[in-house]
Amino acid sequence: TRYWRDWSSDVCSSDLIVAISLAALIAKKSKYFANRYISFNTVPKFKMIDPDANLYTIVNQMRADNDWGGTTDFFQSMKLMMDVCSKYNVSKDEVSKMKLIVISDMQFDQANGSHSYYAKGPKWTDTSQRIKNGWLSIGYEEYPEIVYWNVRHTNNFIAQADRKST
């Protein structure tokens, strides 16, 4: 199980605490990326938590992390995970067993990165399709199941019940 926590600039305070707390608990229990998380950012990076610290300490450390970037480029975060799996030759079987838990307010940047809602021309693909294509391009027919956990009441519905890994 892999966890991403989103605390881009539009996540309010109580949502932030919920996201951070859930991230800390999930990161500590992760089988494949133990004690790691990725903060949403324009240039995402893996972050580490202290596996011996208590939840209160970890939450405070994660809250103090100011490498937020102010944006939520979900595809670039997923690409970071793809790069790690490819670099370390993670088996197809192991990748297919992974779960990616996304705890967010679901305010992702535009799917094609153009920041233009109406820029859905011939080259436009949604983020789910770009993720699938990314995994396929590095030789993985199966990719981690993605679980979206919205910690803020919004009218956004990025996850679709009839679509794999959304």
Side-chain angles (χ1 to χ4, degrees), residues 1-13 15-53 55 57-91 94-113 115 126-138 140 142-152 154 156 158-159 165-166:
T1 302
R2 180 70 225 111
Y3 161 74
W4 260 294
R5 67 85 166 104
D6 172 9
W7 49 64
S8 53
S9 59
D10 54 349
V11 181
C12 74
S13 181
D15 300 334
L16 176 65
I17 297 301
V18 170
I20 292 171
S21 299
L22 289 170
L25 291 170
I26 293 169
K28 284 182 75 97
K29 298 294 183 183
S30 175
K31 176 179 178 181
Y32 300 103
F33 293 89
N35 302 306
R36 292 172 178 83
Y37 65 94
I38 298 174
S39 176
F40 280 104
N41 196 318
T42 306
V43 182
K45 298 174 200 140
F46 275 103
K47 304 287 186 154
M48 296 289 298
I49 62 169
D50 179 353
D52 299 321
L55 181 61
T57 301
I58 293 170
V59 168
N60 283 327
Q61 289 170 344
M62 292 171 78
R63 282 186 70 193
D65 177 3
N66 63 359
D67 187 23
W68 302 355
T71 64
T72 308
D73 192 330
F74 185 68
F75 180 75
Q76 288 304 314
S77 296
M78 178 59 86
K79 185 167 180 333
L80 178 62
M81 191 173 171
M82 291 177 207
D83 292 345
V84 169
C85 288
S86 179
K87 178 180 179 178
Y88 293 103
N89 297 315
V90 177
S91 74
E94 291 297 307
V95 168
S96 71
K97 293 177 184 175
M98 292 179 184
K99 287 186 179 15
L100 172 65
I101 315 258
V102 180
I103 303 169
S104 174
D105 67 348
M106 301 296 137
Q107 302 296 310
F108 299 128
D109 289 346
Q110 296 299 323
N112 65 352
H115 302 289
D126 67 34
T127 301
S128 294
Q129 187 61 48
R130 290 175 65 211
I131 290 168
K132 179 179 179 180
N133 292 345
W135 284 103
L136 285 171
S137 74
I138 59 172
Y140 293 95
E142 300 272 333
Y143 53 95
E145 178 182 2
I146 302 171
V147 177
Y148 295 100
W149 192 335
N150 187 353
V151 295
R152 178 176 156 200
T154 63
N156 295 341
I158 64 162
S165 285
T166 62

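Taken to the nearest 0.5 Å, the CG atom of Leu136 stands 9.5 Å off from the CD atom of Glu142. In this structure, the separation between OG on Ser137 and CZ on Arg130 is 11.5 Å, given to the nearest 0.5 Å. Atom-to-atom distance recorded for Leu100:CG and Ile131:CD1 is 8.0 Å, nearest 0.5 angstrom. Within the model, atoms OH of Tyr143 and CD1 of Ile138 stand 12.5 Å from one another, a figure rounded to the nearest 0.5 Å. Atom NZ of Lys28 and atom CD1 of Ile26 lie 13.5 Å apart (nearest 0.5 Å). Here the straight-line distance linking atom OH of Tyr140 with atom OG of Ser86 works out to 6.0 Å at 0.5 Å rounding.
When each of Leu55, Val59, Ile58 is checked for a side-chain contact (heavy atoms from CB on, under 4.5 Å) with Ile49, only Ile58 meets the rule.
Using a 4.5 Å cut-off on side-chain heavy atoms (C-beta onward), Met81 and Met98 make contact.
Between Phe33 and Phe46, the ring planes are parallel. Angles under 30° get that label, and only those over 60° would be called perpendicular.
Lys132 NZ: 12 or fewer foreign heavy atoms inside a 6.0 Å radius.
Minimum interatomic distance between Ile17 and Arg63 (heavy atoms only, all atoms of both residues): CD1-CD, 3.3 Å. Here the closest non-hydrogen pair linking Arg36 and Ala27 is O-CB, 3.6 Å. Here the closest non-hydrogen pair linking Met78 and Trp135 is SD-NE1, 3.6 Å. The shortest non-hydrogen separation linking Cys85 to Val95 is SG-CG2, 4.0 Å. Taking all atoms of both residues into account, the shortest heavy-atom contact from Ile38 to Pro44 is CG2-CB, 3.8 Å.
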